Amino acid sequence: MADHHPENNGDTSLHEESAQYQNGNASVHAEINNDLVYRMPHYNEMYTHHVDSQYSTYMQNEFVDLSKHDRETVIEESPNQRYAKLNTVLGKGAYKVVYKAIDREEGYEVAWNCFQTTKAEFNDLSQEIKILKQVRHPNIINFHDCWYKDAEFIFVTELMTSGTLREYIRKLSLPNMKIVKRWSRQILKGLIYLHSHNPPIIHRDIKCDNIFINGAHGEVKIGDMGTAKMKLGKKYTVIGTPEFMAPEMYEEKGYNEKVDIYAFGMCLLEMVTGEYPYGECKNAAQIYKKVSQAIKPESLKKVQDPKILDLINNCLAPENERYTAQQIMDHPFLTVEPEVVLMTADETKTQLTLQVVFKGMDKLSVKFEFNVERDTAEEVVNEMIEEQVLQDNYQQLITHEINRILRDISKQTNEADPNKEEHKAPWPSQPGTPPFHVGMSPNLNPHKSSHGPSPTPINLERDSPNGTIASSYVQSQPIMPNESPRKNSISGPGSQEWSQDYEDALPVKEYPDETPIEQFVHDTALAINRDTEKANDWSKKLKSQDIMTVGDLRALMDEDWGQIGLTVFALRALKNALHVTKSKG
Ligand SMILES: Nc1ncnc2c1ncn2[C@@H]1O[C@H](COP(=O)(O)OP(=O)(O)OP(=O)(O)O)[C@@H](O)[C@H]1O
């Protein structure tokens, strides 16, 4: 066991004299008559020096060696016999011992937490327990059941398979930004949920040791929920983990859920630097001094990325300036860069179904058809932007992504058949080649695509037997838990949506041939949630081609439709509306 020496380096701040300290990674767990109790945050480095002998019995100098447990056996059962505790210790903290257990009803492995306390303190927790049982969120460790037995408060929670975020950070040395973003978003989702509770649920001890990982799916969940109050019930006052404590927590003026945001900022700092915040401080007193003087951790100087720096600085700002969890989620650092994935391709790899996916976000993904011989990435992306199914800031990225897929396909096809001329496409050949600008399109077809001044006829019917769909897009809703995927749902920007049978939304009245084109266009645009401005734009384009009435539109030949200069989406809507009015009228 490592020796613990009280450190005194001349600082005269609070608690200094009695500080027991191992190194910068220790956490303060308790304050006993002004004495602070520290422990190493990682149980495998358990050098806890607990003044409270009741806990020090199992805390001091223990190292959990899971390899000793070569055979798992049931050693205890819950009063209702649903949960069976195994002899495998998952971990030990300053307060809890956590065992693996089995939920016999569901067949899941669960975590059996043992927390020493008195019956009176347990009874005091009834309100917290009630709330904990209601907390249900994919990014918060589930609380299943609890009871009191032999001076222990025992509670069963969801089991996490891959340890804590802190251990993961150490394992990966420095996680890449993609992982940091993914973890952060999951933590924030949990915090948004907790803070939107009425009254807000404050975690009070957010830190990388209390955030758990399921490695197989990269799931991240906030743990150690509600134990702040339990720890308060001890005969000393828990003050949290100083490195992660907002300044207002040190004061006795009260605090709100923003303390979790401050702590999240410190977690983010640890994630991006791999360093425990305030590692330069030798004890909690020094940390307290810095925090109270608004001096940020040294490791913050290592953060180069201006977006991350801005975000962390905001989290560490004074309470009234600090962002909410939702505002952090909307911060530019955490906005997700979408990817384009190839969903399906026909045998000749000409007709593709592609999808813009915002991974890990509740953003709508956009699915669209792409014909390699007729469409270009630029045109399709521009069209999606014009139709407001894609934000214009993604223009370059999505164009680049589509071209990347086309390059891959072209490469594969050439490898399979090097003599096949038409697949020697002029796609950008270097991975880092800037995306094409409009007008520099890698169009394979000398007759141009379905858009613009093209002599190539387009068929706007989705279920066209000859499959000559140009680029229709289908925006699909994110699949929420307990919700089955919506089939081919089409939605406009935001939450406006129209379903696959959107024809029902189209105008039903029969439009006589002499109906002014504006009226028909306006009704159609409105029915599919497009605004008046869009309708006017469509009408203008139609009129510029001398299409003044519904009769003029009906008289158009297929190839004429391609000359109107409207997006495929608009053309489809109008054509379908004509078809619907005819069939319904
Ligand atoms: N749900 C869980 N699934 C798997 N392992 C867990 C779970 N909860 C806790 N553990 C393991 O048990 C260890 C001790 O838990 P924890 O850190 O929450 O205890 P604690 O006494 O509340 O400590 P602290 O107050 O410092 O957070 C953790 O480090 C982790 O390894």
Side-chain angles (χ1 to χ4, degrees), residues 22 25-31 36-50 52 54-60 62-66 83 85-86 88-103 108-117 132 135 139-146 152-171 190 203-216 219-234 236-245 263 267 276 284:
Q22 165 69 19
N25 288 351
S27 20
V28 175
H29 270 270
E31 178 190 343
L36 299 179
V37 180
Y38 300 86
R39 79 169 181 85
M40 296 296 290
H42 186 310
Y43 73 82
N44 278 342
E45 302 158 13
M46 185 59 75
Y47 300 105
T48 309
H49 189 92
H50 246 296
D52 187 325
Q54 187 187 359
Y55 296 97
S56 61
T57 47
Y58 62 76
M59 287 301 135
Q60 279 195 20
E62 276 193 58
F63 186 89
V64 183
D65 183 0
L66 296 180
Y83 301 103
K85 174 180 166 186
L86 302 174
T88 305
V89 178
L90 294 169
K92 292 181 179 186
Y95 298 89
K96 300 195 308 251
V97 186
V98 186
Y99 292 85
K100 196 200 273 186
I102 307 284
D103 177 349
Y108 298 146
E109 287 183 340
V110 287
W112 175 297
N113 300 254
C114 304
F115 187 96
Q116 295 213 3
T117 194
L132 282 175
V135 170
N139 299 111
I140 295 173
I141 290 188
N142 256 350
F143 185 94
H144 296 309
D145 200 3
C146 68
E152 274 188 337
F153 169 43
I154 297 165
F155 56 101
V156 178
T157 61
E158 189 178 349
L159 181 135
M160 297 297 280
T161 55
S162 315
T164 68
L165 199 57
R166 179 127 210 271
E167 292 158 3
Y168 235 70
I169 293 171
R170 298 294 173 269
K171 237 186 277 178
H203 186 285
R204 291 185 180 85
D205 200 13
I206 293 287
K207 54 180 175 175
C208 294
D209 308 85
N210 281 340
I211 293 163
F212 293 81
I213 309 236
N214 265 342
E219 275 176 330
V220 170
K221 301 192 186 213
I222 299 171
D224 222 10
M225 276 292 303
T227 53
K229 166 85 186 263
M230 298 175 204
K231 292 164 192 172
L232 267 177
K234 301 285 105 193
Y236 36 77
T237 312
V238 173
I239 58 166
T241 307
E243 289 87 343
F244 294 77
M245 278 165 54
C267 287
Y276 208 66

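Both counts, for ligands and for their atoms, begin at 1 and track the order of listing. Worth saying up front: this structure is predicted, and the values here are computed from it rather than measured.
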K.L.:
Looking only at N/O atoms, are Asp205 and ligand 1 under 3.5 Å apart anywhere?
P.N.:
no
K.L.:
Only heavy atoms count here, so choose which of Phe212, Trp112, Tyr95 is nearest to atom 8 (N) of ligand 1.
P.N.:
Phe212
K.L.:
Output the list of atoms in ligand 1 that are nearer than 4.0 Å to some heavy atom of Asp224, sorted by atom number.
P.N.:
18 (O), 22 (O), 24 (P), 25 (O), 27 (O)
K.L.:
Please confirm whether Asp209 comes within less than 3.5 Å of ligand 1 when only nitrogen or oxygen atoms on both sides are compared.
P.N.:
no
K.L.:
If the cut-off is 4.0 Å to any non-hydrogen atom of Lys207, which atoms of ligand 1 fall inside it?
P.N.:
26 (O)
K.L.:
Look only at interatomic distance and state if Glu167 has a nitrogen or oxygen under 3.5 Å from any nitrogen or oxygen of ligand 1.
P.N.:
no
K.L.:
Need the ligand 1 atom indices (1-based, order shown) with element for anything under 4.0 Å from a heavy-atom of Ala111.
P.N.:
1 (N), 2 (C)
K.L.:
Looking at every non-hydrogen atom in both residues, tell me the closest pair between His203 and Gly223 and how far apart they are.
P.N.:
NE2-O, 2.7 Å
K.L.:
By number and element, which atoms of ligand 1 are closer than 4.0 Å to a non-hydrogen atom of Leu159?
P.N.:
3 (N)
K.L.:
Show me which atoms of ligand 1 lie under 4.0 Å from any heavy atom of Thr157.
P.N.:
1 (N)
K.L.:
Could you tell me whether Met160 and ligand 1 have an N or O pair separated by under 3.5 Å?
P.N.:
yes
K.L.:
Sequence neighbours excluded, which residues qualify as salt bridge (charged side-chain N to carboxylate O under 4.0 Å, His left out) partners of Glu158?
P.N.:
Lys221
K.L.:
Partners of Lys100 by salt bridge (charged side-chain N to carboxylate O under 4.0 Å, His left out), sequence neighbours excluded?
P.N.:
Glu72, Glu109
